[in-house]
Amino acid sequence: MPKIIVEVMPKEVLLDPQGKAVANSLHRTGHKDITAVRIGKRIELHFDRPVTEADVAAAQKIGESFLSNAVIEDVVAVTVEDN
Amino acid sequence: MPKIIVEVMPKEVLLDPQGKAVANSLHRTGHKDITAVRIGKRIELHFDRPVTEADVAAAQKIGESFLSNAVIEDVVAVTVEDN
Amino acid sequence: MALFKKKTPFVPSGVDTTANAAATPQKEQPYALLGLKDDEYNRIREILGRRPSSSELAMYSVMWSEHCSYKSSKIYLRQFGEKVTEDMKKHLMVGMGENAGVVDIGEGWAVTFKVESHNHPSYIEPFQGAATGVGGIVRDILTMGARPIAVMDQLRFGAPENPDTARVVHGVVDGISFYGNCLGLPNIGGETVFDKVYQGNPLVNALSVGALRHEDLKLAKASNPGDLVILFGARTGADGIGGVSVLASETFDSTGPSRRPAVQVGDPFAEKVLIECCLELYAAQVVAGIQDLGGAGISCATSELASNGGAGMRVQLQHVLKRDESLTPEEILMSESQERMMGVVPKKHLKAFEAIVNKWEVEYSVIGEVINEDRLYINWGEEEIVNVPPRTVAHDGPVYERPVAYPAYQDALNANNVHVAANGNGLHRQNHNSSELAAQVVQIISSPNQADKGWITDQYDRYVGGNTALAQPDDSGMVRVSETTGLGIAIATDANGRFCQLDPYQGAKLALAEAYRNVAVSGASPMAVTNCLNFGSPENPEVMWQFKQATAGLADGCLELGIPVTGGNVSFYNQTGDVAIHPTPVVGVLGVIDDVARRIPSGWQDAGHNIYLLGVTKDELDGSVWSEVVHGHLGGRPPVVDLAFEKQLAEAIAAASEQGLLASAHDLSEAGLAQAVAECTLRFGMGARIWLNEICERDGVDRTAALFSESTGRVLVSVGREDDVKFVGLCEARGIPVLRIGVTDNSGELEIQELATWNLADLGAAHKGTLAELFG
Amino acid sequence: MTMKIGVVTFPGTLDDRDAQRAVRIAGATAVPLWHADANLHKVDAVVLPGGFSYGDYLRCGAIAAQAPVTEAIIKAANGGLPVLGICNGFQVLVESHLLPGGLIRNEAQHFICRDQKLRVENINTPWTNQFELNQEITIPLKNGEGGYIATDETLKRLEGEGLVAFRYLDGNPNGSMNDIAGLRNERGNVVGLMPHPEHAVEAGFGPDTNIAMRSGIDGLKFFTSVINALVNA
Ligand SMILES: Nc1ncnc2c1ncn2[C@@H]1O[C@H](COP(=O)(O)OP(=O)(O)O)[C@@H](O)[C@H]1O
Ligand SMILES: [Mg+2]
């Protein structure tokens with residue numbers, strides 16, 4: 001079934017305490033080369049029919065207006081996966 | 001700066017309450033064609049040097065052992081982004 | 001109803017039907033893989049007069065499992081119903097055997113409470129395991145017709161320094177916090193114990209309590225033919241199916257279908273909505289019977305409802321709403337998907353039922369009908385896949401009297417007491433070295449088990465509901481039930497695995513005595529008991545001996561105290577390899593208080609009050625915290641418990657509290673007086689001066705025992721000067737030994753004379769920092 | 001005539017009955033408002049209580065911000081109706097853009113419940129007029145996602161225009177920027193905060209104080225303030 005994947009990340013300029021906590025933990029276990037970690041969301045919208053251009057445009061809009069909060073997050077990608 | 005992106009999703013057969021709540025909300029606002037929503041994580045590991053094969057392999061391992069819980073989640077993608 | 005209408009043309013689905021079962025008696029079935037013994041399988045064949053269909057096999061196997069049938073424990077649990085007097089049953093509206101016991105607390109109110117384990121899932125997936133543990137016990141309470149009003153959690157983890165412990169601690173605490181907080185139920189208490197015996201087998205017990213008006217009591221039964229059977233709440237998915245998937249395969253070897261995951265994922269939001277929805281259904285009086293879906297899912301709910309109601313049921317399994325269309329009938333029967341309920345609804349109320357569930361946007365489907373026949377029929381489309389007498393599934397499972405053996409290690413363990421340990425020298429006591437003895441006080445109150453549990457309890461919402469009168473760190477949790485009169489309840493739970501290992505009979509009594517005392521010092525009157533019996537494998541005769549002893553101790557203890565056991569839960573197979581956990585019978589005591597405004601604080605709040613120790617201190621350090629933390633030792637015999645005295649003590653506290661004589665009361669238990677004094681002073685930051693010499697003189701004990709002995713029947717109280725004479729007189733009249741051992745003051749310090757003086761800020765930092773440092 | 005204060009219930013709201021009780025103790029009538037009903041039943045003010053509306057699954061308050069009742073509240077708030085958002089209610093106000101910024105996971109990564117000291121920094125709102133400026137109060141705090149964040153520019157504006165209504169004292173519990181515990185809008189009628197005033201309105205069930213266990217009732221002033229404001233309006 002095809003799906004549209006919307007990816008949302010916390011804004012670069014804002015702090016991401018969850019990412020920071022994970023980064024600290026990775027540093028403790030020796031992964032010193034990872035300079036930072038940021039954690040966002042991967043949201044899959046499933047369809048039971050082929051996905052159209054209009055669907056992607058709608059997903060972009062849903063992503064910006066509802067799936068993310070523009071004040072603190074960015075939609076970084078909207079992609080289609082079909083398998 | 002290059003980064004490795006690890007994407008983690010709840011296992012298909014398990015309940016995803018988050019996804020369900022979002023799907024219901026989308027249905028209420030008229031997006032009836034979206035049959036299901038599933039929500040996972042997008043985790044960015046940042047580096048301040050070029051990323052190597054070994055880093056990707058390490059990220060895969062971190063993804064499976066630490067960033068996700070294999071009992072309930074799957075790592076669905078590990079990709080490199082360079083910009 | 002269009003449940004069984006013939007569709008044409010009829011195409012057989014390939015599932016194993018009852019007809020097929022009758023026609024192929026020789027077909028091999030994987031009953032052993034499902035945990036059934038040869039004789040159990042043969043009994044099923046006898047009951048049915050044929051081999052079971054694969055769906056029937058699934059139902060029997062899970063309903064006859066230890067978890068659902070209590071087959072190893074049943075013969076011992078009976079005594080909870082037998083060792084009771086008429087007087088003890090006076091306030092019992094529903095006793096053992098139902099989803100939870102119900103106690104009449106007066107003014108037309110009743111409460112229902114129960115504790116249950118979710119140990120094994122919480123090791124595999126700590127977060128979801130613990131979360132769904134809370135969800136499950138809350139549904140049990142809801143099923144009785146009650147509004148759940150609080151939760152508690154009883155936790156046992158491995159050694160704090162073991163790296164795996166942090167994983168389990170974080171997952172479990174997050175899971176309880178997430179689920180309980182999202183349900184809007186205040187967490188009013190619990191237990192947290194670390195011990196390496198729980199390393200590969202942590203214990204996660206959860207308790208819930210609910211309140212209801214007498215007339216709202218609901219029972220899990222389907223008795224009126226024609227009533228509809230409705231499944232509502234979450235959809236059914238592949239949660240917790242585990243091994244049952246083998247049934248769908250033709251061959252039972254490892255090349256069969258991949259096993260479904262055994263974990264369940266909880267959705268507290270769905271449960272919160274389900275609670276409100278059910279309460280509205282109850283208020284509208286549209287359900288005749290109700291059952292939550294927990295272990296064994298639909299198999300359990302259908303067979304129990306029918307069996308309890310003395311009726312039968314006809315079910316169309318294809319009407320079950322599914323999350324995953326690939327589920328087989330066997331899996332649907334077994335699924336332990338969370339947040340589901342099964343209601344029995346008279347046809348004339350269907351419309352009203354639908355209006356309420358629709359309002360809450362709860363999904364539902366009518367899956368069957370109650371029938372006037374002692375049969376449970378389940379169809380998959382047109383094909384009959386189950387045709388059984390419901391009682392044989394739900395209630396007539398096997399009952400075992402398993403072999404019992406006195407443990408080979410027991411005598412040596414009991415002989416190795418604190419006086420002979422360390423090569424016959426006895427554990428060394430620093431009686432004459434004040435600085436060393438004082439250091440032991442700090443070492444003990446900051447050890448993980450004795451340290452403040454704030455790091456955990458601050459992750460739980462204790463305020464929601466607006467009725468919490470006591471919660472952590474007080475001796476018991478207390479909630480107001482009636483907002484007009486202040487009528488309320490208190491609950492405390494306890495279990496000391498070390499004492500139980502030394503003597504499971506006494507250990508169970510000790511747990512009961514401690515929980516009872518904790519309720520009494522809060523100002524409530526103890527009324528009823530629940531329990532969760534966590535043990536190793538029942539197939540090990542030595543474990544079975546422990547179980548036999550512990551249940552006898554608990555039943556005898558309840559009889560002595562005159563409070564009945566109203567329900568509980570058994571969890572066996574808590575072991576790693578062959579090594580069982582310490583027997584851990586968690587005992588919960590429920591008390592009632594006429595007005596929660598009268599509750600007694602557990603710490604000192606005012607300067608210039610006298611501090612009294614009630615009860616007698618003996619040299620009882622076997623199995624104590626002192627022996628563990630200072631010496632790493634476990635041996636000897638646990639403290640003696642005198643329940644008649646505990647009762648007297650509780651009555652004296654109640655009398656003193658009714659006369660308004662007590663400014664505070666705190667029981668002495670683990671780590672004895674030292675721990676109690678530290679907790680009393682740190683509770684509100686009130687300083688104090690304490691002297692030990694009179695305890696030593698009167699009771700003939702040394703300073704180590706005065707500080708750390710875990711003798712039972714002791715309480716620390718503070719009393720205003722003006723009430724002194726009256727209070728002492730009251731104790732003496734009732735034969736309660738009473739000794740003034742100190743005074744409170746504004747010094748900001750705790751002084752134990754001739755021992756040490758601590759700044760409260762430092763002492764507080766030592767007591768409160770430990771868990772955050774380990775796990776923060 | 002007693003004032004009518006609406007208390008909203010979304011599926012998953014938890015502190016609605018507590019907020020109703022607080023309204024009653026303060027002397028007003030509590031009117032339940034249901035998420036699916038856009039009718040505000042002519043209430044004089046609205047409280048959005050705490051909880052986990054719709055499970056708080058996407059972002060706290062995000063799904064509730066789309067509910068019919070919320071649309072009606074946004075409209076009424078823009079017309080001057082006093083609105084108080086507590087915890088999840090604050091999150092709903094932020095997601096509805098009635099207040100700026102966002103609320104994210106606590107810095108310590110877990111839920112925290114404690115008695116929290118606050119400083120009241122703005123008393124020119126219908127919800128705070130009974131306090132004294134810079135008064136220190138203690139009310140319970142309980143949240144998992146209470147870390148307030150905003151861009152530098154927004155923060156500057158909030159501080160410059162005096163829109164910070166409450167600030168955490170004696171330790172920032174959740175990593176909120178500038179120790180911000182609560183905000184007001186420009187007009188002052190909309191106030192949101194993470195801590196829970198409705199849990200500090202009845203002696204015996206509130207936070208501990210120096211005088212007696214669980215006797216703190218600092219939260220009551222939120223509700224008497226709004227009654228006072230409405231009477232004098
Ligand atoms: N896991 C937990 N969940 C909730 N409350 C807990 C938990 N662990 C300990 N507590 C609380 O911390 C306080 C101290 O616990 P404990 O020392 O075991 O009490 P006691 O000795 O009176 O039985 C009690 O109020 C208890 O309810
Ligand atoms: Mg106690």
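All chains are named by letter (A, B, ...) in the order of the sequence lines, taking the proteins before the strands, and each is independently numbered beginning at 1.
Taking 4.5 Å as the limit, some side-chain heavy atom of A:P17 sits within range of a side-chain heavy atom of D:I104.
Each of A:K11, A:K20, A:E73 has some count of heavy-atom pairs under 4.5 Å with chain D, and the biggest count is that of A:E73. Of the listed residues (D:E107, D:H97, D:Q66, D:R105), the greatest number of heavy-atom pairs within a distance under 4.5 Å of chain A belongs to D:Q66.
Atoms CG and CZ, from D:L58 and A:F66 in turn, are 5.0 Å apart once rounded to the nearest 0.5 Å.
Crowding of D:E161 atom CD: a count of heavy atoms from other residues, nucleotides or ligands under 6.0 Å exceeding 12.
Minimum heavy-atom separation, A:L14 to D:M177: CD2-CE, 4.4 Å.
Neither the backbone nor the side chain of D:A108 comes within contact range of chain A, judged by heavy atoms closer than 4.5 Å. Only the side chain of A:K41 comes within less than 4.5 Å of a heavy atom in chain D; its backbone stays farther off.
A side chain to side chain contact (heavy atoms under 4.5 Å, CB included) with A:I72 holds for exactly one of D:V94, D:L103, D:I149; it is D:I149.
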